[in-house]
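Worksheet: one structure, shown below.
What you see is a predicted model; the values in this text were computed from it and never measured.
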Amino acid sequence: MMADLDARQEHRGRLLIVDDDHSTRQLLRGVLARQGFAIIEARDGAEAVRLFEQQRPELVLLDVMMPVMDGFEACFRMRVIDHDQGTPVIMLTGADDMQAIDSAFNAGATDFITKPINWTLLTQRVRYALRAGRLNREVRQNRLRQTSARRIARLAFWEWRLTDDSLHWSDDLEALTGIAGQRFSHLHEFLAAIHPDDRGRAQRALNLIRETEGQLELELRLIADGGERLVHLVGERGGHGSDGNLFVGAFQDVTDMRRTAALVDHLALHDELTDLGNRRLFLRQIGDALKSIAADAGGALLVGWIDIVSFHRHNDALGEAVGDRLLTEIAHRLQRLLLSPDAVARVGGDDFALLLHAPDKDAAIERLESILFSLRRPFHLVEQDTILTFSSGIACFPDHGAEANQLLTQAQEAQRLARVQGRPVVMAAPKADSHAAFSETLALEHALHEALDREQFFLLYQPQMDLRAGRIVGVESLLRWRHPTLGLVPPSRFIPLLENLGLISAVGQWVLEEACRQSCRWTQAGIDLRVGINLSPQQFLDAAMFERILETIQRVGARPASIELEITESLAMQDPASAIGLLGRLRNAEIKIAIDDFGIGHSSLEYLLRFPIDTIKIDQAFVRNITRVQADRAIVRAVTAIGQTLGLSIIAEGVETLRQCDFVEALGVTEIQGYLIGKPMEPALIAALYADFIRPGTETPCL
């Protein structure tokens with residue numbers, strides 16, 4: 001058994017982990033050892049350099065800030081020891097420390113991983129770096145072997161007698177080109193073997209040499225029996241004892257050398273998985289575009305940074321191989337959407353960058369929005385549709401910079417801001433504003449870690465009214481955060497942060513317990529209300545979710561029939577078969593199910609008919625303009641008809657005016673939710689509103 005483990009470790013590779021924090025080293029060891037890697041550990045940079053020279057690991061995970069010797073100095077010294085072997089060195093840096101990242105690359109780092117470490121993607125980044133390092137080593141070794149062979153034995157010689165155009169070749173010709181020297185005994189025979197596209201150029205060069213005393217340097221293609229060969233010829237008139245009519249030189253078959261050089265250049269500038277350009281090539285393309293605009297004095301450039309939101313969840317669900325296929329499909333779709341001379345690159349694990357040309361800034365932004373819309377269409381993988389969500393940042397020339405790296409960095413920072421704010425697209429801000437926004441974000445992240453323990457979260461409840469009965473029949477639980485100094489923080493600001501920090505599951509469990517307790521209090525007070533509770537993606541995808549929900553309801557004493565769990569349409573469609581099974585178990589436990597934000601995702605009607613649900617909530621986007629837009633009315637009418645056929649409740653969200661209420665009621669909607677009935681409010685106000693609507697003579701707002 002131990003021999004098998006040792007064999008696997010040897011096959012996977014030996015890794016050097018360098019971090020002064022013992023717990024971090026232990027976590028890294030635990031994650032990577034399970035993948036079959038042999039692990040070496042060092043506590044500081046000096047120890048790491050010594051172990052690197054002794055053990056020669058295949059990859060180094062190197063922290064930046066350490067005692068004795070920091071990561072930058074350690075990386076530099078390892079590169080000196082490593083010579084040109086190209087051992088991958090991955091630096092561990094702070095998430096927003098761009099200066100540290102730049103310093104890491106200047107010191108010779110191959111890649112970086114930000115802290116806190118995303119453990120799901122860690123092994124992928126390590127495997128990718130190992131594969132790239134091994135391939136680069138192979139390419140370098142081949143190039144060295146070929147160089148040595150050319151130096152020792154692959155240099156051949158030729159003579160051209162100008163008086164009769166006779167040619168004489170050394171015996172190396174056939175070994176190099178596959179063509180016997182006897183075939184080229186005369187100049188016209190040699191010219192006939194040259195590729196037609198190179199023949200005229202060769203003839204002109206030889207005629208010039210015949211008439212002058214100059215030297216010849218010519219690269220051309222020969223058509224040989226084994227195919228096309230690229231040959232480099234050099235020569236000069238004369239030679240020892242020559243009468244001046246003899247031209248002597250050397251020739252070399254450079255076919256393999258050119259191919260190897262092209263391969264090295266390609267690997268250095270392209271992503272291995274998708275074959276898109278990498279960050280280095282993309283920066284070069286931005287620079288070329290800026291020069292072109294300066295020369296033509298017109299046009300606009302847009303640099304976009306696109307990130308796949310929570311890609312690790314798709315990778316975990318589909319597997320690494322299918323996840324790689326998904327990234328490749330995204331790359332292919334982006335390539336099909338671009339026009340010449342646009343460019344696309346893969347600049348990170350699940351990050352892509354776009355360079356768009358347009359007559360002006362507005363046209364460039366419109367093109368990017370069109371591309372993002374196309375990316376939201378389903379990707380067909382493993383016999384099911386996969387729907388992705390993206391966050392994007394935009395930087396435009398000249399508004400946000402006049403230099404390639406500046407534009408790309410601005411676009412990346414804008415994308416990070418879009419991710420933490422939960423927005424699909426954010427335009428780059430002036431530098432000072434950008435830093436201020438990120439400082440505020442970091443402060444909020446720190447405060448969120450303590451908000452739950454310090455009881456800063458609370459729930460408000462927005463009422464839902466049955467239009468036919470004219471009564472308040474339900475509420476939706478809505479999370480709020482009261483910061484001790486900032487006051488109320490908008491949910492759109494802090495909920496994406498909870499998801500990024502991995503706190504959403506803990507807070508979601510608190511919401512579930514608090515809403516169930518409030519439901520129990522209302523029941524005991526004789527207030528019969530359905531309490532809606534939103535489930536986050538992490539909660540819904542948790543394998544123990546059903547047991548956890550049931551245990552919570554039973555522990556606090558709530559009635560299952562009074563609880564309604566709300567999930568989004570897109571979330572249910574990620575894995576429809578599993579969702580149907582899970583929702584069925586919840587329904588069997590008498591818990592109600594609602595599909596939230598209906599109409600803005602990519603539902604399959606076949607699956608919708610099979611989902612065991614009680615309620616469809618029509619997204620407020622279709623209610624907002626229902627009095628003016630015929631298409632919105634048609635959508636609401638169609639959804640209502642489906643719901644009535646299936647015996648479901650239909651709730652229209654975002655109803656703010658009597659006229660909107662009249663329209664949705666006429667279209668068959670059974671319940672409404674929105675400011676017309678009431679804003680999100682505290683439980684005591686819900687109880688008072690409930691009492692107002694059951695008093696004799698109370699009218700519904702639509703009457």
Side-chain angles (χ1 to χ4, degrees), residues 302-314 326-327 329-331 333-334 337-338 342 344-356 358 361-379 385-396 399-400 407-429 433-434 437-438 441 444 490-501 504 534 536-538 567-574 596-603 619-622 624-625 653-654:
L302 180 148
V303 176
W305 188 289
I306 302 175
D307 173 75
I308 308 171
V309 177
S310 301
F311 175 72
H312 64 277
R313 291 195 291 105
H314 298 276
L326 181 56
L327 290 171
E329 288 294 323
I330 294 170
R333 185 175 294 184
L334 286 171
L337 293 169
L338 297 187
D342 297 337
V344 57
R346 185 185 180 201
V347 289
D350 57 352
D351 294 302
F352 297 86
L354 295 177
L355 174 63
L356 303 181
K361 175 181 172 181
D362 291 340
I365 294 174
E366 185 176 344
R367 284 199 57 208
L368 178 67
E369 290 175 343
S370 175
I371 290 171
L372 293 175
F373 179 80
S374 298
L375 286 179
R376 288 193 286 270
R377 289 188 289 107
F379 291 86
D385 289 349
T386 299
I387 301 170
L388 298 176
T389 304
F390 298 87
S391 63
S392 310
I394 299 173
C396 294
D399 295 3
H400 305 111
L407 287 170
L408 186 59
T409 300
Q410 287 277 67
Q412 183 180 12
E413 290 185 358
Q415 180 275 318
R416 288 176 177 169
L417 196 59
R419 182 184 61 203
V420 299
Q421 292 181 351
R423 297 164 59 188
V425 184
V426 166
M427 176 73 71
D433 294 346
S434 176
F438 276 102
T441 298
L444 287 177
S492 61
R493 188 79 175 94
F494 72 83
I495 289 180
L497 288 176
L498 288 174
E499 293 174 343
N500 290 332
L501 295 172
I504 193 67
N534 292 283
S536 69
Q538 287 86 339
I567 61 171
T568 63
E569 176 187 2
S570 298
L571 180 58
M573 289 302 298
Q574 285 189 16
D596 196 13
D597 298 336
F598 187 83
I600 61 174
H602 298 81
S603 287
D619 189 76
Q620 61 183 335
F622 301 106
R624 185 179 300 115
N625 299 315
E653 296 183 289

Using side-chain heavy atoms (C-beta onward) and a distance below 4.5 Å, is [X] in contact with [Y]?
| X | Y | value |
| --- | --- | --- |
| Leu372 | Ser392 | yes |
| Glu653 | Asp596 | yes |
| Arg367 | Asp342 | yes |

Practice item. Test Leu302 against Leu354 for side chain to side chain contact (heavy atoms under 4.5 Å, CB included), laying out the working first. Key: CA-CA 8 Å; Leu302 180 148; Leu354 295 177; 5.6 Å; no
Scanning both residues in full, the closest heavy-atom pair of Ala358 with Ala364 reads CB-N, 3.5 Å
Q.
Quick check: closest heavy atoms across Arg333 and Pro378, and the distance to 0.1 Å?
A.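 It is NH2-O, 3.2 Å.
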* Asked: Is there a side chain to side chain contact (heavy atoms under 4.5 Å, CB included) between Asp399 and Met427 once you walk through the steps?
  -> CA-CA 11 Å; Asp399 295 3; Met427 176 73 71; over 6 Å; no
Report task. Would you mind telling me which of Leu375, Asp350, Ile308, Val309 makes a side chain to side chain contact (heavy atoms under 4.5 Å, CB included) with Leu388? Result ->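 Only match with Leu388 under side chain to side chain contact (heavy atoms under 4.5 Å, CB included): Ile308.
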Report task. Apply side chain to side chain contact (heavy atoms under 4.5 Å, CB included) to Leu338 and Ile371, showing your working. Result -> CA-CA 8 Å; Leu338 297 187; Ile371 290 171; 3.9 Å; yes
Notebook entry, point to check: Should Val347 and Gln412 be marked as a side chain to side chain contact (heavy atoms under 4.5 Å, CB included) after you check the CA-CA gap, both sets of side-chain angles, and the distance that decides it?
Noted result: CA-CA 10 Å; Val347 289; Gln412 183 180 12; over 6 Å; no
Mark yes or no for whether [X], through its side chain, and [Y], through its backbone, hold a donor-acceptor pair below 3.5 Å.
| X | Y | answer |
| --- | --- | --- |
| Arg416 | Ala418 | no |
| Arg419 | Asp307 | no |
| Arg624 | Gly654 | no |

To the nearest 0.5 angstrom, please state how far the [atom1] atom of [X] sits from the [atom2] atom of [Y].
| X | Y | atom1 | atom2 | result |
| --- | --- | --- | --- | --- |
| Phe311 | Phe390 | CZ | CZ | 10.0 Å |
| Ser370 | Leu337 | OG | CG | 7.0 Å |
| Lys361 | Ile394 | NZ | CD1 | 9.0 Å |
| Arg376 | Thr389 | CZ | OG1 | 9.0 Å |
| Leu407 | His400 | CG | NE2 | 9.0 Å |
| Glu413 | Trp305 | CD | CH2 | 10.5 Å |

